[in-house]
Trainee: 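What follows is a single structure, and I will ask about it in a moment.
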Amino acid sequence: MTLKDLEVGQSAVVVSVGGEGSLRQHFLDMGIIAGTVISLTKLAPMGDPMELRVRQYELTLRLADAEKIEVLPWKQEEKTAEELPIPPAANHPGLGEGGRFHKKTDGEPLPKGTKLTFALAGNQNSGKTTLFNQLTGSNQHVGNFPGVTVDRKTGTIREHPNTEVTDLPGIYSLSPYSAEEVVSREFILEEHPTGIINIVDATNIERNLYLTLQLMELNIPIVLALNMMDEMRGNGGFIRVNEMEEKLGIPVVPISAAKNEGVNELIDHALHIAQYQEGPGRMDFCDESDHNGAVHRCLHGIMHLIDDHARKAGIPTRFAATKLVEGDQLVLEALELTQNEKEMLEHIILQMEEERGLDRVAAIADMRFAFIEKLCRETVVHPHESKEHHRSKVIDSVLTGKYTAIPSFIVIMGIIFYLTFSLIGPWLQELLDSGIGWLTEVVDAAMNSAGVNSVLHSLIIDGIFEGVGSVLSFIPIIIILFFFLSLLEDSGYMARIAFVTDKLLRKIGLSGRSIVPMLIGFGCTVPGVMASRTLPSERDRKMTILLTPFMSCTAKLPIYGFFAMAFFPKAAGLVTVLLYVFGILMGIIVALCAKSTAFKGEAVPFVMELPNYRLPGAKNVLRLLWDKAKDFLQRAFTVIFVACLVIWFLSTFDLHLAVAADSSTSILSVLAGSFAPIFRLHGFGDWRIVTALIAGFMAKESVVSTLNVLFAGTAALTALLTPAAAAGLLVFCLLYTPCVAAISSVRRELGGKWAAGMVLLQCAIAWVVSLAVSLVGGLM
Ligand code: GDP
Ligand code: MG
């Protein structure tokens with residue numbers, strides 16, 4: 001039978017793993033190998049995908065993929081194996097052993113004063129961000145890895161100025177599956193960090209250690225941070241840290257990143273191994289006695305065969321050997337083996353497959369997990385069912401329950417949007433607005449009494465205060481929306497949304513994972529586009545990026561708010577909601593069209609971890625909000641500020657650079673006026689509106705600030721436009737090209753051609769649809 005035939009609640013043991021290529025590699029990397037026990041927890045509300053429990057964690061899989069895994073029914077036996085006696089609870093097992101396990105002498109210390117660089121690597125949801133914030137305090141820089149738009153966060157370890165930690169994307173293995181795994185691997189291989197800090201979720205230790213073993217093969221000094229020890233301890237689990245250190249040959253430090261326990265000790269160890277260049281005590285995880293040493297002999301044979309090439313290419317030999325067996329093309333190319341050597345390599349591997357009775361990829365995964373299982377049997381007392389897991393199960397019985405999942409999703413999103421847009425947000429916004437209004441008056445009065453030149457006066461009041469101020473007041477709403485989105489993501493609910501909606505998204509040719517970038521797109525298109533890098537297929541990424549701008553970003557809110565208040569004051573909230581919904585509908589229509597034309601084919605497999613629900617750390621959330629606020633303020637005072645100045649200038653002076661008698665003779669009216677006919681049919685072919693739309697290309701908030709500068713109050717605007725034209729204009733703003741920042745992030749992800757194509761497509765869609773809205777609206 002296959003995994004697909006399993007009943008809910010039943011367990012089975014894996015016989016063999018089918019499938020091919022990177023999907024199969026991913027199955028194995030996630031710990032599904034022959035002999036693993038898997039149980040089926042539940043099916044998603046729409047019957048697909050399934051939620052499985054394997055190696056103490058939850059995994060999702062589609063039925064079609066589950067069909068590729070052969071299993072046999074399995075019954076839980078009474079535990080007869082004698083468990084390790086639980087040692088008395090110590091707050092910090094192994095804490096303060098004073099570097100007893102730094103006994104390697106083969107390293108060559110770096111000269112004093114060398115900058116120590118660390119890669120922070122670990123699985124997703126292992127607490128990397130939390131630890132990174134603890135390690136670096138406030139000395140952080142966010143950028144991108146060269147060439148790709150994958151977040152690159154670096155920072156200095158607090159109190160150690162000559163250090164640098166780089167937070168790598170969360171990965172499960174060093175096999176290239178998604179863009180993030182490639183980036184992490186290249187960073188470690190090419191930038192040669194002086195040390196690796198590997199963070200491991202102790203409550204999910206088997207799967208986490210899988211990455212550790214691969215990192216150790218790289219022969220770079222490494223220290224293991226066992227995170228979530230508070231949870232482990234709280235549930236009666238225990239890890240014999242000193243024994244684990246001895247068996248792995250690397251320092252192991254139990255920590256709790258969330259509670260800031262053990263972090264100082266971790267820093268000490270990390271600095272030590274990097275300074276003295278203490279490589280891992282072992283890189284070899286093959287067992288001479290396992291199946292007559294088939295894998296062991298194979299790997300060592302290959303290591304001898306390729307040693308010279310690996311040295312020349314600067315790739316650690318042991319790592320190269322295992323990757324060759326796994327069929328890694330990138331490593332194979334880098335090594336430049338001769339034809340003879342390639343054939344020899346193939347023969348060695350074939351021989352191993354025959355002796356071991358497993359294919360090459362499975363044999364390597366099996367070797368690693370065999371080592372890990374042995375290690376864990378000897379050093380880990382697993383907690384009984386943890387409180388956190390139990391709590392997650394209870395929460396999930398509602399949030400991913402058959403009949404409750406989708407209603408819950410709608411209610412949760414509804415609450416978030418309600419709180420953001422009609423309860424907390426507007427209240428804070430008004431507060432800020434009146435503050436800005438007060439400041440404007442004060443400055444205005446001061447300038448009047450000082451007799452400031454009227455052009456300068458107009459620049460400051462009409463240009464800067466009106467323009468930047470109108471945008472600035474939206475900062476509370478933006479921050480609140482990001483606050484909720486980050487709660488969704490950090491708490492683990494975002495993964496459930498993907499699980500629940502997978503089948504729906506598959507109907508429009510995507511997978512549940514695509515919901516994450518799109519939901520983030522409601523905050524801002526830029527991080528939404530960036531979040532698409534977690535999608536493991538090009539096709540899905542492109543399609544998700546194409547659709548993300550249809551989710552109204554927060555910068556469009558000022559536009560909606562401004563027009564809704566001016567034209568539909570009684571139904572302002574409803575108009576805003578309708579626009580959001582309309583954007584989503586347009587996205588679905590575009591997706592359906594794309595699916596049957598440019599994006600034929602199947603969405604990628606959906607293999608994803610469902611982490612336990614956790615309360616996000618206040619520090620993490622605050623830091624994120626601060627980053628967003630900073631980012632927004634920077635934009636307000638750079639892009640938007642400049643846009644306001646330019647527009648003020650162009651609208652104040654005429655073609656002879658004299659102050660224009662009235663704005664209809666200004667440079668701007670001449671320039672924008674030539675574009676205005678494009679929108680004559682829509683009913684908003686006015687040069688001032690065209691100007692605002694052009695300004696919106698720089699930053700969406702500028703639409704409103706520009707209108708404020710040009711119209712000086714909404715009365716002139718309401719006189720100019722009919723409600724139907726205003727509705728058309730709103731729809732145009734909803735659909736037309738995203739701002740420069742979003743376009744440039746698309747360009748970085750997919751290239752210039754794609755970005756240009758997207759801009760054209762979206763402008764065309766916006767033009768057509770808004771025309772339809774204006775015309776239909778005019779009839780009503
Ligand atoms: P990342 O995905 O690896 O960056 O993980 P995060 O740093 O975002 O952490 C994932 C979740 O685990 C968050 O909700 C954290 O608050 C939580 N977390 C992180 N470290 C610890 C810890 O030591 N103990 C507990 N109980 N929770 C933690
Ligand atoms: Mg993180």
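For clarity, every value in this text was computed on a predicted model and none was experimentally measured. We count ligands from 1, going down the list as the structure has it; atoms in each ligand are counted the same way.
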Trainee: Regarding R496 and the six-membered ring of Y613, is the cationic atom NZ or CZ under 6.0 Å from the ring centre and inside 45° of its axis?
Mentor: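 The answer is yes; both the distance and angle limits are met.
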Trainee: Could a heavy atom of G122 be found less than 4.0 Å from some atom of ligand 1?
Mentor: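 Outside the 4.0 Å threshold, so no.
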Trainee: Does ligand 1 have an atom that lies less than 4.0 angstrom from a heavy atom of L131?
Mentor: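 Judged by the 4.0 Å heavy-atom criterion, L131 does not count as contacting ligand 1.
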Trainee: Before signing off on this row, confirm whether A257 and ligand 1 have an N or O atom pair separated by under 3.5 Å.
Mentor: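 So ligand 1 has an N or O lying under 3.5 Å from an N or O of A257.
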Trainee: Given side chain to side chain donor-acceptor pair (under 3.5 Å), test K42 with T400 step by step and report yes or no.
Mentor: CA-CA 9 Å; K42 67 165 70 162; T400 65; 2.7 Å; yes
Trainee: Can you name the atoms of ligand 1, numbered from 1 with element, that are less than 4.0 Å from a heavy atom of K128?
Mentor: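 Answer for ligand 1: 1 (P), 3 (O), 4 (O), 5 (O), 7 (O).
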Trainee: Would you check if there is a donor-acceptor pair between the side chains of E231 and S386 at a distance under 3.5 Å?
Mentor: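 Side chains of S386 and E231: no pair found under 3.5 Å.
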Trainee: As an exercise, identify every atom of ligand 1 less than 4.0 angstrom from a heavy atom of G617.
Mentor: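 Near G617, meaning under 4.0 Å from one of its heavy atoms, ligand 1 has 16 (O).
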Trainee: Would you indicate whether H160, at its atom NE2, is surrounded by more than 12 heavy atoms from other residues, nucleotides or ligands within a distance under 6.0 Å?
Mentor: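 Count over threshold, so yes.
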Trainee: Does T136 use its side chain to pair, donor to acceptor, with the backbone of G155 at less than 3.5 Å?
Mentor: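 Checked: no pair found.
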Trainee: Please list, in number order, the atoms of ligand 1 under 4.0 Å from a heavy atom of E231.
Mentor: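 Checking each atom against E231, I get 26 (N).
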Trainee: With a 3.5 Å distance limit and no angle check, can you tell me whether T154 reaches the backbone of V165 through a side-chain donor-acceptor pair?
Mentor: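 Side chain of T154 to backbone of V165: no pair is present.
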Trainee: Among E609, E58, E373, which residue satisfies the salt bridge (charged side-chain N to carboxylate O under 4.0 Å, His left out) criterion with R207?
Mentor: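 Going through the options one by one, the only one that passes is E609.
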Trainee: May I ask you to list the atoms of ligand 1 that are less than 4.0 angstrom from any heavy atom of S256?
Mentor: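 Near S256, meaning under 4.0 Å from one of its heavy atoms, ligand 1 has 22 (C), 23 (O), 24 (N).
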Trainee: I need the atoms of ligand 1 closer than 4.0 Å to a non-hydrogen atom of T130, numbered in the order shown.
Mentor: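 Answer for ligand 1: 6 (P), 7 (O), 9 (O), 15 (C), 19 (C).
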Trainee: What do we get for N227 next to ligand 1 when only non-hydrogen atoms under 4.0 Å count, side chain, backbone, both or neither?
Mentor: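 Within the 4.0 Å criterion, N227 contacts ligand 1 through side-chain atoms alone.
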Trainee: May I ask you to list the atoms of ligand 1 that are less than 4.0 angstrom from any heavy atom of D490?
Mentor: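 In order of numbering, the contacting atoms are 14 (O).
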Trainee: Tell me whether the guanidinium CZ or amine NZ of R55 lies under 6.0 angstrom from the six-membered ring centre of F369 and within 45° of its axis.
Mentor: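 Here R55 passes the 6.0 Å and 45° test against F369.
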Trainee: Would you say P616 contacts ligand 1, with heavy atoms under 4.0 Å as the rule?
Mentor: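 Checking ligand 1 against P616, which is what was asked, there is a heavy-atom contact under 4.0 Å.
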Trainee: Using distance alone, determine whether S126 and ligand 1 share an N or O pair under 3.5 Å.
Mentor: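 N/O-N/O distance below 3.5 Å exists for this pair.
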Trainee: Quick test of your reading of the structure: of K619, M229, Q134, R614, whose heavy atom lies closest to atom 11 (C) of ligand 1?
Mentor: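 Selected option, by shortest heavy-atom distance: R614.
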Trainee: Given 3.5 Å as the limit, does a donor-acceptor pair link the side chain of N204 with the main chain of Y57, or not?
Mentor: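 Side chain of N204 to backbone of Y57: no pair is present.
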